[in-house]
Structures are given as structure tokens and as C-alpha cells.
Amino acid sequence: MLDLNFVRGNLELVEEKLRLRGADPAALLGNFRALDRSRRDAITQAEQLKALRNELSHQVGARKKAGQEAVALMEEIRALKDRLDILDKTAASLDEQMHLSLSSIPNLTRSEVPTGSSEADNLTVKTWGHKPKFDFEPKPHWELGEALGILDLDRAAKLSGARFAVYMGAGARLERALISFMLDLHTTRHGYTEVLPPFMVNSKSLYSTGQLPKFAEDLFRCSDADAEAVARGEFKDNDHWLIPTAEVPVTNLYRDEILDESRLPICLTAYTPCFRAEAGAAGKDTRGIIRQHQFQKVELVKFTRPQESDAEHERLTRDAEEVLETLNLPYRRVLLSTGDTGFSSAKTFDLEVWLPGQGLYREISSCSNFEAFQARRANIRYKAASPGAKGKSEFVHTLNGSGLAVGRTWLAILENYQQADGSVVVPTPLRAYMGGLERITR
RNA sequence: GGAGAGAUGGCCGAGCGGCUGAAGGCGGCGGUUUGCUAAACCGUUAUAGGGUCAAAAGCUCUAUCGGGGGUUCGAAUCCCCCUCUCUCCGCCA
């Protein structure tokens, strides 16, 4: 969420930034000034009446204490009530509208983000590694996996439907190895603390990180959650949704807290499954396990001081890249354009891994700097500890990135490490996690 | 699932109809004292939203004592509902 004062004072800039994203400023901010004005007028009126009521009530107290009667005063106050009731309701309703309107505005992208309307305008920042050369036609992962008996999509469909996968034998072990490998790398070499959060969260948490209210249809909702209430802007702490990413529970760890500056930056890593409804993705990536309703991910999350978030963003992206480099998977780093940058993000790098079986680069990580956008929604602040500082609390900056999407790493290994006989060589760093297995064969 | 107890500021903790935005302590910040450190002492220290202001500061108003509703001229304090925490019992991986 953007700061109300900031929007009020920089309306043209905000509208311009919205246009860069391909959003419609008129739809989002068309009545901003009018709404702002009437909201403030209503609040002023209601508060003036409350001040009067409080003053008169005080007089009642004083008279009673002095042993005088106060019937007339009490009558007067009672007479205010109807008027106050209406004013209060009006003010509350306008305030709610303002909040909902503000909650629907995406974050402002940073100036270095390339202008564009879609992923076609993303900027490739760097390319790493050598694409493997094959003296045979490389196969896509679904053919390799099914032939090796380590991936069973047909039975997954029987169990759960489309867009689910069953991993068997060395396939299951490879998935588990990747999770352990990534967590170990981030905790021992990159300084992250491991977190194992709940896989279900309440709607308040999803509001804080920006998934609600706008993107409810992308989520799996448990039966105790009320999508209509969410659409009205009611976020509860006693309903449940399946997490679409560990970003949600991990970022919300410090919701409504004031952190000590000396603790920053806080760097956390978490393995979780991720559940996505993939609404609107019908017909997209239907083959293989690129796009699933459930996939595993190791996530990186940081809480930083505002002045450090840019440098920490670079560091976090490097931490994700190092997973690919250690596994020797060719990739490129892409700076997303204004049109492709996510709702809550001010700047996002995607890492795209080379998939020889399909002959293209595919997103395997997305590393974003949300600046204070999520922190403002989640009310995560820090208090300056440095001497001389005024002790005023400020919003932290939050960042996160996949380090990495495990399912896509799994399939990237199959495609990049495949052999002419259909077997797959296990990358050296994973062998210790696979009981020494060097090659997955039929 | 049943029974009971509780939820107050950065933290601990008092208050149980008006004098309470909230005692006291801890912590933080500023200062005095002091070879240094420590200690002691003094002062200060919530958040959000209105109004005023060119703006900031300041001043002022409103709201906030887990969340929501109610009673009352007036609610941290009384009543109802919900959530969470703790204790005991039951069930359970």
C-alpha cells in the first residue's frame, strides 16, 4: 500500500507510474481527490461533534460531583446522538472506501525499471553458463521422467486432477535432495535462518503481502474462508487459505511488530509447498510440471532498513543465482519491465533457467524489492537504535525471492543432465543428498 | 470437544464508570555528576487520523487498553459475541 499523504501530494506522479504499468489511473484514482475531500470533511464534522459531546459529558460529571442536577445537559447530549451517528457512519464508510481504493493501487516501480507493457519488454541483464551440447535430440522432462519411472502424471491426475505430480523413487529423492541442498547452502553460506512456517494462513496475512483482496481467485481457499467478505475489505485472523508462497507466512512473522534496528537485516529462508489455483492459465503449460497447483519452493525473505534494500536485493538475487551456478545450470537474469512487475513489487529480477528439452529459458526464480509497500500493509516497523536518532519508528523494507523453485529445478536438471540412453546424471553437489547416487536410470 | 483463568504502551505491570493516554518499574533518548567504565540523579519517551500552517515544528481535536457490538450524559472499567493464550480433562499424529 502506498502512503496516503504521499499519494495526496504526488497524484500526477502516481498516475504516471500506474500508466507505466499498463494500469488505468482513471479507474484506480479517478475520484481520489473527491473521495479524499469528502472523507476529510466527514471526519472533521464527526470529530467536532464528538469534541462537543465529550465536553458536555465532562460538565455533567462536574455538576454531579458538585451535587447539582444535570438533566438538561444530559438531554442535550442525547439530542446530539442521532446526528453524530449519521456523521460517524458516513465518515467510516468513506474511510473504508479510501482504504480499499488505496489497497488496490500497485506499488510504484523504480526509475531503473524498463518501461514496457509485457514480458517482451523485459531487459536481459546477464547470461551465465554454457548450454549443454547434445549429439542427440534432447527430450522434454515429462518424457524423461515418465520413461525413468520417477514422474507419474497420469496417476497424479487420478488422485488430484490436472496440474499435480507424483514423484517416485529417485525422483522423490531428487526433490528432497534439492530442498536440503538449497536450505543448507543458504543457511551455512549465505547467512539465512531457516524457518518452517504453517502452510495455511489467514486472510490478514494475505492482505499484508498483497495477495488479497485483488488476487483471491489465484488462491486455494479453505471452507472457513469467506471470499465475499474479503472482497468487501474484511480481513480476518481466523480463516484459512493455502499459501501460494512462503513469502506470505514468513513476511507476516513480524506483522504488527517494531523491530530493533540492530537486528536488521533479518534474513530468513523457508521450504514450503506452494498452492496456486492458476486461474486464467487454462491451456498454458499443460505438459509436464512447469505449472502445477502444488509445487515446492525454497524461499528467501529479508527485512532491511530502507537505505539498504537495494544492495540487499542484489545480494538476495546473487544468493539465488548461486544455487543455479553450483548446480551448473545455465541461466539468465532478467529485469522485469513495468508491465510485467508484480503488484506489490517496486523492482523484480527474474532468473530464467535454460531448458534444452524445450529449447527456451523459463522462470525459476523471482526476486523482488517491495520497499515499504508490504511493510505498510503489514505494519512492520523498526526503531532506530543509533545514538542521536530520534527513536522514531519507520517502516522496514521487505524483499523476497525464490531460491529456488524446486519443481522447476528438478525438471531443469532432467533436461540439462540427460544422456543419450535416457538416463540423467546427478549433479555432483546433490550426490551426497542422494546416498551417493551418480545417475538416475530406468 | 468440556471446565476454568487471562489478554493494558517497546517490555513488565497497576487500574475495575468521570480527576486515566493510562500509576510504578524496566528499556530507549537527552542531560548532570564522574580518571575511564559502572553507578546515582534530573528530564524526556505511544500510534494513527483530522484541524491550523506555504511546509515543517508547534498547538489543538478525535480515536485507540485483544477484535466486534451494546448499556450510559460519560466505558480500559459494566453486558453480549468472537479470537487468541494459559491450566485441567477428553481425543489424537
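As a basis for the values below, the full set of heavy atoms in this structure was taken, side chains included, without hydrogen atoms, waters or symmetry mates. Residue numbering restarts at 1 for every chain, and letters A, B, ... go by the order of the sequence lines.
Taking atom P on both nucleotides, B:A76 is separated from B:A23 by 15 Å, rounded to a whole Å. Comparing the P positions of B:A75 and B:G69 gives a spacing of 14 Å, expressed to the nearest Å. B:G6 sits 15 Å from B:C16 when the C1' atoms are compared, rounded to a whole Å. As rounded to the nearest Å, B:C41 and B:A46 have P atoms that lie 22 Å from one another. Taking atom C1' on both nucleotides, B:U47 is separated from B:C65 by 13 Å, rounded to a whole Å. Between B:G74 and B:A63, the distance separating the two P atoms is 12 Å to the nearest Å. The P atoms of B:A14 and B:C29 are separated by 27 Å, rounded to the nearest whole Å. Taking atom P in both B:U72 and B:G67, one finds a spacing of 23 Å when rounded to whole Å.
For the pair A:Leu94 CG and B:G50 P, the computed distance is 13 Å after rounding to whole Å. When the P atom of B:U45 is taken as reference, atom CD1 of A:Ile258 falls 17 Å away, rounded to whole Å. Taking atom CG on A:Leu84 and atom P on B:A63, their separation rounds to 9 Å, with Å as the unit. The distance between atom CG of A:Asp239 and atom C1' of B:U83, rounded to the nearest whole Å, is 12 Å. As a whole-Å value, the separation of A:Glu55 CD from B:C61 C1' is 12 Å. Per the geometry, CD belonging to A:Glu394 stands 21 Å off P belonging to B:G28, to the nearest Å.
Across all strands shown, A:Asp95 has no heavy atoms under 4.0 Å from either base or sugar-phosphate atoms. A:Arg8 comes within 4.0 angstrom of sugar-phosphate atoms only, judged by non-hydrogen atoms across all strands, and of no base. Within 4.0 Å of A:Leu80, counting heavy atoms only, lies no atom of the nucleic acid at all.
The aromatic rings of A:His190 and A:His186 lie tilted to each other, with the angle between the two planes from 30° to 60°.
Heavy-atom distances under 4.0 Å link RNA chain B to A:Arg37, A:Arg39, A:Arg40, A:Ile43, A:Thr44, A:Glu47 of residues 37-47 of chain A, given in residue order.
More than 12 heavy atoms of other residues, nucleotides or ligands sit less than 6.0 Å from atom CD of A:Glu217. The 12-atom threshold is exceeded at CZ of A:Arg19, counting heavy atoms of other residues, nucleotides or ligands nearer than 6.0 Å.
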Got a list of side-chain donor-acceptor pairs under 3.5 Å for residues 101-112 of chain A, not counting sequence neighbours?
residue	atom	partner	partner atom	Å
A:Ser103	OG	A:His99	O	2.7
A:Ser103	OG	A:Tyr207	OH	3.1
A:Ser104	OG	A:Leu100	O	2.8
A:Asn107	ND2	A:Ser344	O	3.0
A:Asn107	ND2	A:Phe370	O	3.2
A:Arg110	NE	A:Glu112	OE2	3.1
A:Arg110	NH1	A:Glu371	OE2	2.5
A:Glu112	OE2	A:Lys347	NZ	3.0

Under 3.5 Å donor-acceptor pairs involving side-chain atoms of residues 434-442 of chain A, not counting sequence neighbours:
residue	atom	partner	partner atom	Å
A:Arg439	NH1	A:Ser423	OG	2.8
A:Arg442	NH1	A:Ala147	O	2.4

Legend entry - Residues A:His313, A:Phe349; criterion ring-ring contact (aromatic ring centres under 6.0 Å, His included); working and verdict: CA-CA 9 Å; A:His313 184 210; A:Phe349 289 119; 5.0 Å; yes
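When distances are taken from the side chain of A:Ile77 to each of B:A63, B:U47, B:C73, the shortest belongs to B:C73.
Taking every heavy atom of both residues into account, A:Pro249 and A:Pro197 meet most closely at CB-CB, 3.6 Å.
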Just the atom pairs and distances: protein N or O near nucleotides 15-21 of chain B's N or O, under 3.5 Å.
residue	atom	partner	partner atom	Å
B:G18	N2	A:Ser57	O	2.8

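Every residue two or more places apart in sequence or in another chain was checked for a side-chain hydrogen bond (donor to acceptor under 3.5 Å, both in side chains) with A:Asn238, and none qualifies.
Rounded to the nearest 0.5 Å, atoms OH (A:Tyr271) and OG (A:Ser180) are 10.0 Å apart.
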Legend entry - Nucleotide pairing, RNA chain B (Watson-Crick or G-U, distances under 3.5 Å), in dot-bracket with [ ] and |: ((((((((.[[[..)..(.....]]]((((((.......))))))(((((((.....))))))).[[[[[..)....]]]]])))))))....
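Nearer the 5' end of RNA chain B, as judged by each residue's closest nucleotide, is the contact made by A:Lys81, out of A:Asn238 and A:Lys81.
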